[in-house]
Amino acid sequence: MAAMTPTASETAPKPGPDDADTAPPAARARTRPRPRVWRGVVLGLGGAYFLVPLIASFVFTVHTPGQGISFDAYTALLAADGFTESLLLSLGLAAATIVLALLLAVPALVAVRLGAPRLRPVVEMMCMLPLVVPPIALVTGISTVLRWGPDHLSRTPLYQTFLAVQNESFPFVLVLAYTVMALPFVYRSLDAGLRAVDVPTLVEAARNCGASWPYVMFRVILPNLRSSLAGAAFLTLALVLGEFTIASLLGFRPFAVWIVSISGAHARMSVAVSLLSLVITWGLLLALSRAGTAPTSTPGAPRSARKARSPRTPYRTSPKES
Amino acid sequence: MSSASSTPTEETAGGHRRRRRGPRTWLAALPLIAFTGLCFGLPLGALLYGAVTRTDPGTGATTLTGEHLGRSLQGPYLGSLVGSVQLSALTALIATVLGVLIAQAVVTSRSQALRNAVLTASGVLANFGGVPLAFAFIATLGISGVVTQLADLGGLGWNLYSFTGLAVVYLYFLIPLMVLVILPALDGLRPQWREAAQNAGASGLRYWRHVGIPVLAPSLLGGFVLLFGSAFAAHATAAALVGGSVPLVTLKIADALSGNVLVGQENVALALGLDMILIAGLVMAVYLPLQRRSARWLR
């Protein structure tokens, strides 16, 4: 379709000596330059709105009025109190969340494709429902449940579990909450990937060739889902690194909470960290979208060639799904 | 499922396998169902239960009451709900219009490089909510922000820590989200339709009024509702930016939860949480059917 558009508009002005000759050329002459003007204005204004805060943030971090330029805000980061601990905590939480979310979602989604299609709406609803519940509502529920621990269960072995999941050095309760919040994104990414693969046929072919179930899973299905797995993992990582609401209200201190806690005393540093987190996210997303699209043929290639390859490389990953 | 619709020989082979496979595949979905039941259903149940019951601290007796829900719809709590709805509706509306304009500019330019750049940027910026965004704007438009100082916005009465300021900040992640949502729908507008309309003598305005907008309507409304939902649920940006100076329901819940208000307000926080879920549920109930409807035009 994209290939048709230019030809259509090129051929449109040509049939000159035809019946509807008088009005259309005049109209076209007026309308033709106009789109370019409004397009330029819209893109220019949009670009300015989205670039100015980034540039201004950078200027803010390196330039102090009256003192000139220095990169202290960035160099002092590593030595800042709590920086490494909170960052490591966030990364650890993110890793645990990614593992848990994929361990839960991949078998369920593959199973639904293979032999339990009636479960499909159930699984979809389970995964998409967290979108309806704002994080702040989820955290009110979680804190209520956590309060049951000391209130009602203090004499049961369950109480130890309640204490363990709230361990200050690695609050597993956050992993549980983040996994719930990540499920919609993981589901969408994996579902898009699975849609491009004919799972039953692949599994049957592999089984007929004598492959064992673990072999089918790890050597046949998962490689086909590589880019959507990467997409799910990336979105989860971004979500966990930026998450503030649940962690702060449950009283833990991962990265986002730490940034807020230092902002009073070190305004420059907090802006510097915010900017860095954006740059890192951007880099990750670029790497991901390249990994997702690189194996497919170039945009100009014939559609049939792309279609033939698409089962191997689920084309659409996070940029459109997020 | 697909093997059943193919040739008979495959059907029998699939049938054999499915008989053995049946119960096991079902089990593979069980961990997910158990997990969401425990980690999502339980907190939600606790929220619902706490929102509609009251436990007498003396006797320990629990009674059903509408008191918390009633109180969550009065006074400052109602004000915060209204404030949240106003802010979300306003920002979602502006972002819908601006997002469509940007997406349309990208679609009509037909430049693959521009398109990729805008899509990638939108993907990143739509996720650039929360704390970092608040600080980027404090550095830009805050009291000692770079742009505020350069343009002397303070003298003009600009205040980032207000309703307007918050709206400007929210647009930063809402517009990219709208671009992501609406771009496929704009792609679905076939150029042939426009040519057909032109050949029939329709002006650009007429084309949009009778063809473009009606075809886009489900996507537009769906996008608006999605933006409303994300603005409504946003807490971190507002918390890092305005603290408590703008009445928002998320900030009120956070206050009540962290004990910044009177003792015994936790249940009102639960009731407010329930109010939010009801509003967000309503939003999704509008969004999902619309999305399915708009999908018709995209293929």
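Excluded from the calculations below are hydrogen atoms, water molecules and symmetry mates; all remaining heavy atoms, backbone and side chain alike, are included.
Only the side chain of A:Leu183 comes within less than 4.5 Å of a heavy atom in chain B; its backbone stays farther off. Only the side chain of B:Leu114 comes within contact range of chain A, with heavy atoms under 4.5 Å apart. For A:Ile259, the parts lying under 4.5 angstrom from a heavy atom of chain B are both the backbone and the side chain. Interface remark: B:Ile33 contributes backbone and side-chain atoms alike to the contact with chain A (heavy atom separation under 4.5 Å). Heavy atoms of B:Ala136 lying under 4.5 Å from chain A belong to its backbone as well as its side chain. The contact between A:Ser277 and chain B is made entirely by side chain atoms (from C-beta outward), counting heavy-atom distances below 4.5 Å. Residue B:Val168 touches chain A through both its backbone and its side chain, counting heavy-atom pairs closer than 4.5 Å. Residue A:Leu249 touches chain B through its side chain alone, counting heavy-atom pairs closer than 4.5 Å. Contacts of A:Leu239 with chain B are absent, with no heavy-atom separation under 4.5 Å from either backbone or side chain. Proximity to chain A (any heavy atom under 4.5 Å) is shown, for B:Ala121, by both the backbone and the side chain.
Ranked by non-hydrogen atom pairs under 4.5 Å with chain B, the options A:Pro134, A:Ser57, A:Pro53 are led by A:Pro53. Contacts with chain B were tallied for A:Val180, A:Leu138, A:Val257; A:Val180 has the most, counting heavy-atom pairs under 4.5 Å. Interface summary for chain B: among A:Gly47, A:Ser270, A:Gly242, A:Ala256, the most heavy-atom pairs under 4.5 angstrom belong to A:Ser270. The most heavy-atom pairs under 4.5 Å with chain B, out of A:Leu131, A:Leu100, A:Val132, come from A:Val132.
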Item to check | Intermediate values then yes/no, side-chain contact (heavy atoms from CB on, under 4.5 Å), A:Phe255 and A:Glu243 | outcome: CA-CA 8 Å; A:Phe255 200 52; A:Glu243 210 287 326; over 6 Å; no
Next on the checklist: Show, in sequence, the C-alpha distance, side-chain angles and deciding distance for B:Met276 and B:Phe232, and conclude whether the side-chain contact (heavy atoms from CB on, under 4.5 Å) test is met.
Outcome noted: CA-CA 8 Å; B:Met276 281 192 82; B:Phe232 188 65; 3.9 Å; yes
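Using modelled atom types, one side-chain atom of A:Arg268 and one backbone atom of A:Phe60 make a donor-acceptor pair closer than 3.5 Å.
With sequence neighbours left out, A:Thr61 forms a side chain to side chain donor-acceptor pair (under 3.5 Å) with A:Tyr74. For the side chain to side chain donor-acceptor pair (under 3.5 Å) test, no residue two or more places apart in sequence or in another chain qualifies with A:Tyr187.
When all heavy atoms of B:Leu47 and A:Ala137 are compared, the closest pair comes out as CD1-O, 4.0 Å.
Taking CD of B:Gln104 as the start and CZ of A:Arg39 as the end, the distance is 9.0 Å to the nearest 0.5 Å.
Here the rule is side-chain contact (heavy atoms from CB on, under 4.5 Å) with B:Phe135, and of A:Leu275, A:Val260, A:Val273 only A:Val260 fits it.
Between A:Phe50 and B:Tyr172, the two ring planes are tilted [angle within 30° to 60°].
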